Structure formats: structure tokens, C-alpha cells
Amino acid sequence: MAAVDQLLGPVAQWYFALSTASQIGLLSAGLLVLAVLVNVANQLLFKNPNEPPVVFHLFPIIGSTITYGMDPPRFFVENRNKFGNVFTFVLLGKKTTVFVGPDGNEFILNAKQKDVNAEEIYGVLTTPVFGKDVVYDCPNSKLMEQKRLIKATLTTEAFRQYVPIIEAECYSYFKKNPDFKPDAGVVDIAKKMAQLTIFTASHCLQGKIVRDQFDESLADLYHDLDMGFTPINFMLPWAPLPQNRRRDQARETVAKIYRDTMAARRRSDEKDAQDIMHHLMYATYKNGQPVPEHEIAHIMIALLMAGQHSSSATSTWIMLRLASRPDIVEELYQEQLRVVGAPDTAFAYEHLARLTLHANVIKETLRQHAPIHSIMRKVKQPMHIPGTKFTVPPSHTLMAAPGVSGNDAEFFPEPSEWDPHRWEPESPLAPRLPIKTGDDEEKVDYGYGLISKGASSPYLPFGAGRHRCIGEQFAYLQLQVITACMVRLFKIRTVDGSTRKVPGTDYSSLFSKALEPAEIYWEKREKAA
Ligand code: HEM
């Protein structure tokens, strides 16, 4: 004991007199303080002038994960104001370089395949949910072919069939759902829109046999699949957690349901079906190979999930925005009377292009509430950022955030004002940069059909480049018909009657959703006798 006293002094004596638990606790705290000091010193002393500035953070690995995760758009804007359009932050131990604004959108979303890659970022999360050999569990060239095959099925002929399907689903839903039995009431519209989205999407894209199973087992199975999309699974996708076990079981069961459905459909020899499953059953890859059934099943899961979150989050925001602007609800109703006719006239595909205010409600809602706030790519080679001295090294992830420019006063006057009329050319709030549309624009084909070449637009809710959304037209159609049916059946407003106010945003999943309960007050236009 005397030797210890002499060697280590009274501090050591005090330390070794503590219980083992206290000793471990103290040691850990010491190591943490040391790690923080080294991390801070590293940021202050070893700045690399050729790499983008790094957002200051105390803790290694955690970095800015919490501030980013709580409110990504605010995080982007605050750091843009501090550093300019390009900066790096630490996200779950990864150096992540954000490049906002139209130039950033172009730099990241139109980057070459040799420079960036999406599958190494998203694959860990999506493969356990979708299954093997599709989307990010295959070479990019195969994904481009899968997108081409899917896009080829989304024809005008198919869309013509989808409009009455969605209309009938909406009417049946509002008629049967017990929450809509009285003449008026309050509902959590997020829950209702989630159900309506999956019923309408499954019916249109996967056929009636699949749709009918959503009243029974499929809804719960998809819920289990959904639990695979928690941000923690970016780090621990294969962890033996109960929700991951349920996700894996659900994927197997859903894929089997799809395979059995395909077998039954082949036997029944149906003729004029326009859903994607039917088309893929008879499609072939470029090399002449038919699409294997397990791939079709996995594509079905991927498509339904890709559309579900973004479309149901958007329709919820649409309803919340409309509830905060009953004057716009009435304008929409008048537009329907003008374009479609009396309320008992069925909606048709041809009406949609003329229901311009309906389309602008969607466009404006996507401007303020784009469901995908961050788009990531893994950097494969050093990438120089034009006009700067910065080069992004391959150890970094790149992050695009088109929503930042979509809410920037430089491009959209009074950006926090939700006003669907701003999309009319003569509006004082009209976007300041021409949003390119039309045939004169340069186009490119990444393997899934021609799309606009430029990504340097401030408004890109559907992304750009080789990973651009192929569901945009379907999403617009689905959102337009759901909105039109809602407006035709109900008058809506906020629960307390206030205007221009909506709930905050929940960023805890990977999508920007309305905080729940997202309640609105509704009242039937035609009351029960
Ligand atoms: C890709 C948004 C609906 C299928 C994307 C991307 C965005 C997006 C931003 C690009 C992601 C990236 O670059 O990493 C939206 C929004 C929607 C919507 C806002 C609705 C309001 C749909 C629907 C479907 C769909 C309904 C299916 C029918 C896809 C597919 C991709 C994609 C297959 C391509 C993924 C890739 O190539 O990596 N979507 N989407 N989306 N979306 Fe959508």
C-alpha cells in the first residue's frame, strides 16, 4: 500500500478506494473528455483549406447528428448562412458534405456514375425491406432497366383506368369508415390518408386481387416492413432486434403472397389489366430474359413503399393546408363544377389537366413540404466543386437538399406563404427563375426513358438525374383525384377555426411528415337525410 502511495500519490489512492462501478464510470468520463478535447483540437488546429468547412461539434461520431435530425431544413439554412452553400458535418460518424442551391442540386444529382453511388448508401436499409436483386441490391444498370420496365407500364391508357379506380376507392372509404359516419367531425387526417394511399396505390399498381388483401393481412405486414425504415437501421440493419425479425418475416410472407398471386393470374389468363404487376409478368430485360418472379415480387414491395410515404405525407399536408385555407377549398370546388360539371359526374383522366388549381395545390404543397428532405450519395472519387477551392474526398457522403432552394426567397417570393396561385405566371409571387418545362429543354436518357437533363432548378421535389422519381405522374394523378374527391364530399377547416396555421413537421423518420395528431374538422356537403 505504501508503494502505491509513493508511486501514484493521493489521487490514485482515492481512485482505487472507489467501488469498481465508480472506477469504470470515472474512467469512461475521463476518456470521453479526452475524446472531446482531441476532437475539438483537431477541428481548430487541422483545418484543411481544400475541403469544405466543417460544422463545429463537440462529440466525435455523434457530430451534428442530433441538431441535423431534429430539423434538417433549419440545420441546412443556419449552416448555409454561416458557411455558404457548401459545408461538411458529421452524421453518425460519417463526414457528410452538403451542397445546397441549384448548383448543388446539379453537382450531386447529375454527378457521373463513376463519381457517386446511391446503392452503397441506401442498400443497407432497403435490401432487407424490398428483398434481393432489385433497386439498390443490383448493379445500377439493372436498376435503370427495372425503372424503364416500370415506366413503360405507366401509360396514358393505364392512367385512364386508374382515375375511376381511385375515385371509387375514395367514395367507398368515406362511406364505410366509421369516423366519417356523422355529418361532421374531427379526424386525424394523417392516418386516413395513409390508408387511402395504400388502398388506391395497391389497386392501381398491383391489381384488385392484391388490393383486396389489404383489408386483411397485407396492411399489418406492410406495417412490419415499414419498421425496417428507421434511421438506426442505417447503422444496424441486421441487428437481432424484434422489429428486424418481424421485418424479415413480413418480407418473406409478402413476397410469397405476390408469387402466389402471379401464379393465379397466369392461370386465369386475364386480358386487359393495366397494373404494373401484370405488365412485368410478361416483360423481358434487354437480353431477352423474362423478369424472374422473385424480382417482380420485390419490385412490387419497393414501389408500394417508395410511393406510400411520400404520397401519404403529401396528401396529409394538402389536407392540412386546405383546412387552413377554406377559401381555397371553395375555389377548388368551383373549379370542379366548371371543369367536370355537377357533383355526380365521374372524374375522368382528361379532366385532370384542366383542374389547374388542383395541380397547383399539389405543386405548392410539395414546394413547402417535400417529403424527401435529404438525398445522399457515396463519393467514389475526389470531386472538385467548380468555382471553389474545395475537393470532396471519397471518404465523404454527399447530401443534396433541393427543399432549401424551394423555400429560398431568392427564387420564391415570400417563401413561407403557402399560395397555390403563385404557380400562375401573372402572380406577384411567381417563381423568379424560369422553371423549365416543355420540349425545347435538353433531355437525357439514363436507361429509363428521356428526362430533363438539367438539375440546376430550385424546385426538384422528385429529384433529378439517374435516380429521378418515375412515380411523379402517378403521384400527381393519385393526389389530384384524392384531393378532388375530398373537396367534392366535404368542407374542411382547422379544428379551432384559425387560418394559415398548420402543425409542425416530424423528422424522426426519413420523411418530412406532419406531427400527429394532424387533426382537421370536416363537414359533409351533402348531409344525411
Ligand atoms: C425516386 C420523390 C412518389 C417511385 C424518388 C426521388 C425523389 C422522389 C426525391 C429521388 C431519390 C434519390 O435521388 O435518391 C417522390 C415524391 C413522391 C414520390 C415527392 C410523391 C409525392 C413515388 C411513387 C412511386 C415512386 C408513387 C412509385 C409508383 C420512385 C422510384 C424512384 C424514386 C422507383 C427511383 C429510385 C432510384 O432510382 O434510386 N422519388 N416520389 N415515387 N421514386 Fe419517388
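All values derive from a computational prediction rather than experimental measurement. Start at 1 and go down the list; that is how both ligands and their atoms are numbered.
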Asks: Which ligand 1 atoms, with their elements, are less than 4.0 angstrom from a heavy-atom of Pro371?
Replies: 19 (C)
Asks: So, for Phe229 and Met305, which heavy atoms are closest and what is the spacing to 0.1 Å?
Replies: CE1-CE, 3.9 Å
Asks: Ring centroids only, cut at 6.0 angstrom: are His384 and Phe390 within range, meaning strictly under it?
Replies: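 Aromatic pair excluded; centres sit 6.0 Å or further apart.
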Asks: Is it true that a side-chain atom of Lys147 and a backbone atom of Arg468 form a donor plus acceptor pair closer than 3.5 Å?
Replies: yes
Asks: Could you tell me whether the side chain of Leu196 reaches within less than 4.5 Å of the side chain of Phe174, counting heavy atoms only?
Replies: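 A side-chain contact exists here, since the closest heavy-atom pair is under 4.5 Å.
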Asks: Between the candidates Thr197, Leu303, Leu143, which shows the shortest non-hydrogen contact distance to atom 27 (C) of ligand 1?
Replies: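 Looking at heavy atoms only, the winner is Leu303.
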Asks: Can you name the closest pair of heavy atoms from Arg422 and Glu417 and give their distance?
Replies: NH2-O, 2.9 Å
Asks: What is the distance from atom CD1 of Ile198 to atom CG of Leu218, rounded to the nearest 0.5 Å?
Replies: 8.5 Å
Asks: Can you list the atoms of ligand 1 that are under 4.0 Å from a heavy atom of Pro461?
Replies: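 Every atom of ligand 1 under 4.0 Å from some heavy atom of Pro461: 2 (C), 9 (C), 19 (C).
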Asks: Under 4.0 Å from a heavy atom of Thr314: give me the atoms of ligand 1 that qualify, with their elements.
Replies: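 This gives 21 (C) as the contact atoms.
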Asks: Taking Arg432 first and then Glu410, would you say they form a salt bridge - that is, a charged N and a carboxylate O separated by under 4.0 Å?
Replies: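 No salt bridge links Arg432 with Glu410.
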Asks: A side-chain contact here means heavy atoms from C-beta on lying under 4.5 Å apart; do Ser405 and Val100 qualify?
Replies: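 No; the side chains remain at least 4.5 Å from each other.
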Asks: List every atom of ligand 1 that sits less than 4.0 Å from any heavy atom of Tyr136, numbering the atoms from 1 in the order shown and giving each element.
Replies: 35 (C), 36 (C), 38 (O)
Asks: Among all the protein's non-hydrogen atoms, which is closest to atom 28 (C) of ligand 1, and how far away is it?
Replies: Leu205 CD1, 3.8 Å
Asks: Quick one: look at Val135 and ligand 1, take heavy-atom pairs under 4.0 Å, and tell me if it's side chain, backbone, both or neither.
Replies: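 Contact part for Val135 vs ligand 1: neither.
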Asks: Decide whether the shortest distance between a heavy atom of Arg377 and an atom of ligand 1 is less than 4.0 Å.
Replies: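 So Arg377 counts as touching ligand 1.
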Asks: With a cut-off of 6.0 Å (strictly less than), are more than 12 heavy atoms of other residues, nucleotides or ligands near NZ of Lys94?
Replies: yes
Asks: Short of 2.8 Å from atom 43 (Fe) of ligand 1, name each protein N/O/S atom, waters not counted.
Replies: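 Counting only protein N, O or S atoms under 2.8 Å from atom 43 (Fe) of ligand 1, the list reads Cys469 SG.
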Asks: Output the list of atoms in ligand 1 that are nearer than 4.0 Å to some heavy atom of Lys147, sorted by atom number.
Replies: 34 (C), 36 (C), 37 (O)
Asks: Is it true that a side-chain atom of Arg251 and a backbone atom of Gly131 form a donor plus acceptor pair closer than 3.5 Å?
Replies: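 Flag not set: sc Arg251 to bb Gly131 has no pair under 3.5 Å.
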Asks: More than 12 heavy atoms of other residues, nucleotides or ligands under 6.0 Å from CD of Glu157: is that the case?
Replies: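 No.
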Asks: Any N/O of His467 closer than 3.5 Å to an N/O of ligand 1?
Replies: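 His467 vs ligand 1: N/O contact under 3.5 Å present.
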